[in-house]
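To keep things clear, I will list the structure first and then write my remarks on it.
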Amino acid sequence: RFNKEIVTEEFFENYKRLFFDLNFYLDSDDEFKKFADKNKLDISLFAKKLLGQIVFCYFLQKKRWLGAKKNTSLDSGDENFLRNKFIEITKNKKNFFNDLLEPLFYLGLSYENSNSFCAEINCKVPYLNGGLFEPIENYDWEKEDLKIPNSIFSNESNSGILDIFDLYNFTVDENEDLDLDIAIDPEMLGNVFEKLLDIKTREQQGTFYTPKEVATYMCRASLKNYLIKNHNNLNEETLDNLFISYDSHKLSKSDLLELDNLLKNVAICDPCIGSGAFAVTIMNEVSKLRSSINKDNHNLEDKIYFYKKYFIQNNIYGVDIEPGAVEISKLRLWLSLIVDIKKISLIDTLPNLDYKIMQGDSLIDEYHGIKFEKSEYDLIGIDPKLENSIKDLQTKQSEYLNLKYAKSKFEKRKQVQEKLKDILMYVLNQKKNNTKNDKNSEIAIKNIEKNINEISYSYAVKDFFFWKL
């Protein structure tokens with residue numbers, strides 16, 4: 001039972017059942033279906049995100065970052081915060097999701113409270129931001145009365161979400177001896193997420209589990225190719241030794257400076273990001289390399305955390321056709337960041353990833369003939385108005401990455417959506433002018449116009465991806 005592979009498989013089976021049970025309940029509940037339809041929410045995505053949020057909270061409570069009293073340190077919280085709050089909620093005949101989880105997520109973890117104290121749940125909660133704990137499609141959670149039954153979370157048959165998760169030790173140390181405990185670390189959780197993506201469409205979409213050793217080999221090979229090609233004084237043998245020992249003392253200061261600069265400015269995109277296995281692996285490799293290069297920088301506490309956060313903010317991008325994969329890969333990146341914070345005083349908000357890890361089909365870069373490639377066959381480079389609109393869209397997306405507050409992020413997302421819609425409509429109007437006497441084309445264009453409103457909103461599922469946007 002305590003073998004790592006057995007525990008991973010067991011946890012996956014439990015997690016899968018919890019997801020199906022939650023999804024089945026939400027999809028069968030008339031009130032919730034009305035709520036989902038009104039807010040254009042995918043019920044399956046809502047269920048996956050809620051489970052991910054709760055898992056994330058299990059790691060936070062393991063670090064004692066949830067439940068600290070008002071006049072105590074933020075890291076003096078309760079290791080059993082969720083279970084103890086559930087007992088308190090049910091004793092007072094309240095609803096766990098409506099009265100605890102929503103305030104915890106939306107007034108605590110995604111809201112900057114004075115002294116980190118969240119009055120609604122009467123304890124301290126770290127402000128994390130990042131998007132993980134924001135309402136999907138910004139639904140008005142304070143007005144919506146989403147009373148998911150308490151039995152979904154805990155029940156007499158011990159089959160609820162908390163009942164199952166309480167069986168495991170959510171360790172933040174991936175080097176802990178996992179055979180001595182029923183432990184779940186971030187890497188194991190990543191394996192579970194990757195398998196969860198495969199439940200319905202694994203073979204159809206070509207989604208397969210990638211062993212850690214293979215992911216590491218491929219990431220190192222990609223980095224070596226990039227560094228050898230762009231560095232003036234590096235060879236494969238030197239880099240092989242560097243990856244094995246992370247000992248950079250054999251390189252000159254100028255070589256190290258050039259190497260660090262290349263790693264600092266590398267742009268990496270996974271066009272089929274899946275559960276984020278490659279993104280997390282290459283983040284770890286880059287962060288360890290930069291930490292070893294700058295090992296004499298004693299002014300930088302928690303260097304690995306600093307370099308990981310920089311990598312997530314500036315270096316990594318990803319696309320996946322599966323919306324659930326996008327949410328899971330974001331969760332893995334955020335989780336890998338949180339576990340490396342050793343001191344609570346160094347805690348900072350999580351990076352925004354909405355326009356870095358995106359849903360779409362990376363193999364198809366056009367939408368009903370609309371494409372954005374610099375060639376003689378399209379409008380970019382020929383139409384200054386379109387080019388300026390695209391630059392404006394990219395500026396708004398970049399601005400979003402640095403926003404902290406939910407309201408300002410929601411407003412910026414709306415601006416991005418409107419700008420994207422404007423660009424698509426502009427190109428469509430150009431096509432109209434070229435097909436005035438073609439009735440079949442005019443009918444097709446009218447149908448596309450109807451769809452543009454739908455595809456521009458945040459969680460719309462797209463079967464294309466505009467690389468130039």
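Bear in mind the structure is a predicted one, so any value in this text is a computation, not a measurement. The basis for the numbers below is simple: all heavy atoms, side chains too, and nothing from hydrogens, waters or symmetry mates.
Defined by atom type and a distance below 3.5 Å, a donor-acceptor pair is present between the side-chain atoms of Asp166 and Tyr58. Side chain to side chain, Ser159 and Asn155 meet the donor-acceptor criterion of an N or O pair below 3.5 Å. Looking only at atom types and distance, the side chain of Tyr168 has a donor-acceptor partner in the side chain of Asn14 under 3.5 Å away. Inspection of the Asn265 and Asn261 side chains reveals an N or O donor paired with an N or O acceptor under 3.5 Å.
Remark: the backbone N or O of Ile321 is paired with a side-chain donor or acceptor of Gln359 at under 3.5 angstrom. Listed for the Gln61 side chain is a donor-acceptor partner under 3.5 Å among the backbone atoms of Phe81. Using modelled atom types, one side-chain atom of Ser362 and one backbone atom of Pro271 make a donor-acceptor pair closer than 3.5 Å. For the pair Gln415 (side chain) and Gln397 (backbone), a donor-acceptor distance under 3.5 Å is absent. Looking only at distances, a side-chain donor or acceptor of Thr395 sits under 3.5 Å from a matching main-chain atom of Lys391. Counting only distance, with no hydrogens or angles, the side chain of Thr72 and the backbone of Ala68 share no donor-acceptor pair below 3.5 Å. The main-chain N or O of Thr216 is never found under 3.5 Å from a side-chain atom of Glu285 such that the two would form a donor-acceptor pair. Using a distance-only test at 3.5 Å, with no hydrogens or angles considered, a donor-acceptor pair links the side chain of Asp320 to the main chain of Gly274. Between the side chain of Asn294 and the backbone N or O of Arg290, at least one donor-acceptor pair lies under 3.5 Å. Using modelled atom types, no side-chain atom of Asn23 and backbone atom of Ala47 make a donor-acceptor pair closer than 3.5 Å.
For the residue pair Leu289 and Leu242, the shortest heavy atom distance occurs at CD2-CG, 3.6 Å. Across all their heavy atoms, Ser336 and Met283 have their closest contact at OG-CE, 3.0 Å. When all heavy atoms of Phe97 and Leu50 are compared, the pair lying nearest together is CE1-CD1, 3.9 Å. Asp163 approaches Ser154 most closely through the heavy-atom pair OD1-OG, 2.7 Å. Heavy-atom minimum distance, Leu66 versus Pro126: CD2-CD, 4.1 Å. Between Leu107 and Asn113 the shortest heavy-atom distance is O-ND2, 2.7 Å.
Atom OG of residue Ser28 and atom CD1 of residue Ile43 lie 8.5 Å apart, to the nearest 0.5 angstrom. Between atom CG of residue Leu162 and atom CG of residue Asn150 there is a gap of 9.5 Å, rounded to the nearest 0.5 Å. The distance from atom CG of Leu101 to atom CZ of Phe96, rounded to the nearest 0.5 Å, is 4.5 Å. The CG atom of Asp361 lies 7.0 Å from the CG atom of Asp463; values are rounded to the nearest 0.5 Å. Distance check: Ile304 CD1 to Asn284 CG gives 8.0 Å after rounding to the nearest 0.5 Å. The CG atom of Leu128 lies 10.0 Å from the CG atom of Leu337; values are rounded to the nearest 0.5 Å.
With Phe117 as the aromatic partner, Lys124 does not meet the cation-pi criteria of under 6.0 angstrom to the ring centre and within 45 degrees of the ring axis. Relative to the six-membered ring of Phe19, Lys48 meets both conditions, a distance below 6.0 Å and an angle of at most 45° to the axis.
Residues Ser116 and Val125 fail the side-chain proximity criterion, which asks for heavy atoms closer than 4.5 Å. You'll find the side chain of Pro149 reaches within 4.5 Å of the side chain of Tyr25, heavy atoms only. Here the side chains of Trp467 and Val319 are in contact, with some heavy-atom distance below 4.5 Å. A 4.5 Å side-chain heavy-atom check between Gln313 and Asn352 finds every atom pair outside the cut-off. When side chains are defined from C-beta on, Ile338 counts as touching Leu350, because their heavy atoms get closer than 4.5 Å. Within the 4.5 Å cutoff, the side chain of Tyr127 has no heavy atoms near those of the Leu109 side chain.
Ionic pairing of Arg64 and Asp78 is not present here: no N-O contact between side-chain nitrogen and carboxylate oxygen is shorter than 4.0 angstrom. In this structure, Lys38 pairs ionically with Glu144, as a charged nitrogen and a carboxylate oxygen lie closer than 4.0 Å. For the pair Lys16 and Glu13, the salt-bridge criterion is met [side-chain N within less than 4.0 Å of a carboxylate O]. Under the 4.0 Å criterion applied to side-chain N and carboxylate O atoms, Arg17 and Asp21 are assigned as salt-bridge partners. Contact check on Lys309 versus Asp348 returns a salt bridge, with a Lys/Arg side-chain nitrogen under 4.0 Å from an Asp/Glu carboxylate oxygen.
Just one of Arg413, Lys356, Lys412 meets the side-chain hydrogen bond (donor to acceptor under 3.5 Å, both in side chains) condition when paired with Tyr400; it is Arg413.
Remark: Phe32 pairs with Phe35, Phe46 by the ring-ring contact (aromatic ring centres under 6.0 Å, His included) rule, at least two apart or across chains. Remark: Phe105 pairs with Phe133 by the ring-ring contact (aromatic ring centres under 6.0 Å, His included) rule, at least two apart or across chains. Under the ring-ring contact (aromatic ring centres under 6.0 Å, His included) criterion, Trp141 pairs with Tyr106, not counting sequence neighbours. By the ring-ring contact (aromatic ring centres under 6.0 Å, His included) test, Phe278 is found to be paired with no residue, residues two or more places apart in sequence or in another chain being considered.
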What's the verdict on side chain to side chain contact (heavy atoms under 4.5 Å, CB included) for Thr281 and Tyr217, showing C-alpha distance, side-chain angles and the deciding distance? CA-CA 10 Å; Thr281 301; Tyr217 171 80; over 6 Å; no

What verdict does the salt bridge (charged side-chain N to carboxylate O under 4.0 Å, His left out) test give for Glu418 and Lys421, after you've listed the backbone C-alpha separation in whole Å, the side-chain angles of each residue and the deciding distance to 0.1 Å? CA-CA 5 Å; Glu418 287 300 316; Lys421 188 165 69 174; 3.5 Å; yes

Run the numbers on Phe11 and Tyr15 for ring pair (Phe, Tyr, Trp, His ring centres under 6.0 Å), then give the verdict. CA-CA 6 Å; Phe11 183 73; Tyr15 197 99; 5.8 Å; yes

Would you check, one step at a time, whether the test salt bridge (charged side-chain N to carboxylate O under 4.0 Å, His left out) holds for Lys409 with Glu134? CA-CA 10 Å; Lys409 287 198 287 183; Glu134 291 177 4; 2.3 Å; yes

With side chain to side chain contact (heavy atoms under 4.5 Å, CB included) as the criterion, how do Leu22 and Leu51 come out once you've worked through the C-alpha distance, each side chain's angles and the decisive distance to 0.1 Å? CA-CA 9 Å; Leu22 177 59; Leu51 279 176; 4.3 Å; yes

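In the displayed structure, Tyr111 atom OH is contacted under 6.0 Å by at most 12 heavy atoms of other residues, nucleotides or ligands. Surrounding NZ of Lys396 are more than 12 heavy atoms belonging to other residues, nucleotides or ligands, all under 6.0 Å away. Open room surrounds NZ on Lys264; 12 or fewer heavy atoms of other groups in view lie less than 6.0 Å from it.
Pairs passing the side-chain hydrogen bond (donor to acceptor under 3.5 Å, both in side chains) check and including a residue from residues 90-101, sequence neighbours excluded, read Asn98-Asp145. The stretch residues 100-113 participates, sequence neighbours left out, in these salt bridge (Lys or Arg N to Asp or Glu O under 4.0 Å) pairs: Glu112-Lys404.
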